[in-house]
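Written out below as structure tokens is the structure these notes cover.
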Amino acid sequence: MNEIIKIQPGDKQFHLFETAAINIYPPGVLQKQLSGGMNREFLHICYVIVKNGAVVGRAALYNNSSLRYENRKAVCVGNYECINDDDCAKSLLNAVVDDAAKLGATFMIGPMNGSTWDDYRF
């Protein structure tokens with residue numbers, strides 16, 4: 001069974017989000033250091049998915065009140081990492097979609113960690 005944990009920076013379990021990539025990828029697979037950067041100005045909530053007691057994915061939902069697409073509210077999903085498992089990916093993204101809808105968003109843009117100005121973009 002998959003469990004979705006919603007957390008914020010500063011929460012007791014936030015280390016699960018920060019170290020997710022280490023748990024997801026086998027040693028030696030990552031060719032570069034993953035950017036741990038987050039745009040905290042627009043960060044709404046972070047998600048961690050746990051399967052059988054192990055962290056298997058993460059994502060973050062960003063809500064910039066000025067972000068619009070086709071004249072409708074849009075949000076960003078970023079900091080996404082997940083094992084190659086359809087059920088886990090769907091559970092994780094469905095949680096993000098549900099919260100985006102609660103914010104009134106019609107569109108989700110991603111992967112984008114809240115802003116196109118951060119160092120993970122080119």
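No hydrogens, no waters, no symmetry mates; every other heavy atom, side chains included, goes into these values. Predicted model, so just to flag it, every value in this text is computed and none were measured.
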Spacing of [atom1] belonging to [X] relative to [atom2] belonging to [Y], to within rounding of 0.5 Å:
| X | Y | atom1 | atom2 | result |
| --- | --- | --- | --- | --- |
| Phe14 | Cys46 | CZ | SG | 4.0 Å |
| His15 | Thr19 | NE2 | OG1 | 6.0 Å |
| Arg58 | Glu18 | CZ | CD | 8.5 Å |
| Leu92 | Ile4 | CG | CD1 | 5.0 Å |
| Leu103 | Tyr62 | CG | OH | 14.0 Å |
| Ile49 | Ile83 | CD1 | CD1 | 8.0 Å |

Exam field: side chain Asp11 to backbone Ile7, donor-acceptor pair closer than 3.5 Å:
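Flag not set: sc Asp11 to bb Ile7 has no pair under 3.5 Å.
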Hey, is the main chain of Asn52 close enough, under 3.5 Å, to the side chain of Glu3 for a donor-acceptor pair?
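Answer holds: no.
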Start with the C-alpha gap between Val56 and Asn23, add the side-chain angles, then the distance that decides, and say whether side chain to side chain contact (heavy atoms under 4.5 Å, CB included) holds.
CA-CA 7 Å; Val56 295; Asn23 297 318; over 6 Å; no
Please walk me through it: do Cys76 and Leu67 pass side chain to side chain contact (heavy atoms under 4.5 Å, CB included)?
CA-CA 9 Å; Cys76 298; Leu67 184 61; 3.5 Å; yes
Answer yes or no: is there a side-chain heavy-atom contact under 4.5 Å between Asn79 and Phe17?
yes
Testing the basics here: between [X] and [Y], what is the closest heavy-atom pair and its distance to 0.1 Å?
| X | Y | result |
| --- | --- | --- |
| Ile24 | Cys82 | CG2-C, 3.9 Å |
| Ser65 | Lys73 | CA-NZ, 4.3 Å |
| Leu61 | Ala100 | CD2-N, 3.9 Å |
| Ala59 | Tyr80 | CB-CD1, 4.1 Å |
| Cys88 | Asn2 | SG-OD1, 3.7 Å |

Run the side chain to side chain contact (heavy atoms under 4.5 Å, CB included) check on Val75 and Ile109 step by step: do they pass?
CA-CA 6 Å; Val75 294; Ile109 300 170; over 6 Å; no
Could you list all the side-chain hydrogen bond (donor to acceptor under 3.5 Å, both in side chains) pairs where at least one residue sits in residues 95-108, not counting sequence neighbours?
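Listed by first then second residue: Lys6-Asp99, Tyr47-Asp99.
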Establish, yes or no, whether a centroid distance under 6.0 Å links the rings of Tyr69 and Phe107.
yes
Lys/Arg-Asp/Glu bridge criterion (N-O < 4.0 Å) met for Asp85, Lys51:
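Answer for the salt bridge query: yes.
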With side chain to side chain contact (heavy atoms under 4.5 Å, CB included) as the test, would you mind laying out the steps for Val48 and Val50 before giving the verdict?
CA-CA 6 Å; Val48 173; Val50 177; 4.2 Å; yes
